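Worksheet: the structure to be examined is printed underneath.
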Amino acid sequence: MRVVVTESAEEFAQRAAGGVVEVVAGRHRAALGLPSGSTPLGLYAGLARRVREGEADLSGATVFAVDELHGVPGDHPATNASYFRERLARRVPLRACHVMDSSAADAAAECERFARLIEAAGGLDLVVLGIGRNGHIAFNEPGSPFDSRCRLVELTPSTREPYAALFGSPEAAPAHGLTLGIADLLEAPRVLLLASGGDKAAAVTQALERPATEALPASVLQRHPALTVVLDEAAASGLSYSSRA
Ligand code: GLP
């Protein structure tokens, strides 16, 4: 495991973008599993800048959103379909950008379709993840089996909370999501975990320094042979010195 503690938002974004660009440069038709949320916003802005300035080319890359809300029209501003369209696809030429269908009536069939698309792309070359305050990765909430696959899941109140404003109230926020499973995420030969802010410090410390447990999904990542963790000082504040070295 490689843990990088960054000193500024700019360095955080640069390190994260560097991790993506390295994979894309090494494989023209790269398949990338990418997260939504506020943490990777700098990463996507950084990728857009690099592409604009001719330092990177993602036109051969296929993006797969690692999760999506469920039970919401695809064009709702809270969906990852909207997020990836605005933050990435509109700014960066890509080969393709796939997001699960948030309005799919048959969630299992939709997950199957998505899994087949990943398979057809030759599997994910890199998975980038954020982390929830409760240690969730993608929409794999605490208790998710380490051998879980793409599926419909129930969201916890803390995961629904950030969506409350966009839906008018906490009760109106979507109760379900579609997510790649933990086994799907671990299959990627490289994983990049991003965390910023003091509210993530406890989850980060548990994930990296305590034994892996399904109670804290991100802790499974310590078993991955090629994990890079990019943190800001606040998210790293609970780590012992040894895991930063
Ligand atoms: C949501 C997303 C996750 C993301 C997490 C953290 O639950 N589905 O993929 O990692 O939020 O988001 P943020 O970066 O905004 O803290």
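Quantities reported herein were computed from a predicted structural model and do not represent experimental measurements. As the structure lists them, so they are numbered: ligands from 1, and atoms in each ligand from 1. When a residue number appears, it is its place in the shown sequence, counting from 1.
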Residue contacts for ligand 1, heavy atom to ligand atom, distance under 4.0 Å: Ser36, Gly37, Ser38, Thr39, Asp67, Gly130, Ile131, His136, Ala138, Phe139, Thr159, Lys200

Single-linkage hydrophobic cluster, 4.5 Å side-chain cutoff, Leu126 and Ile137 together: no

Val153/Ser144 under side-chain contact (heavy atoms from CB on, under 4.5 Å): CA gap, chis, key distance, verdict: CA-CA 9 Å; Val153 292; Ser144 295; 5.6 Å; no

Distance-only donor-acceptor check, side chains Asn80 and Arg87, under 3.5 Å: no

Selection residues 163-220 - residue pairs positive for ring-ring contact (aromatic ring centres under 6.0 Å, His included), sequence neighbours left out: His76-Phe167

Close side-chain approach of Leu221 to Leu186, heavy-atom, < 4.5 Å: yes

Verify same cluster id: Val191, Val229 (apolar side-chain graph, 4.5 Å): yes

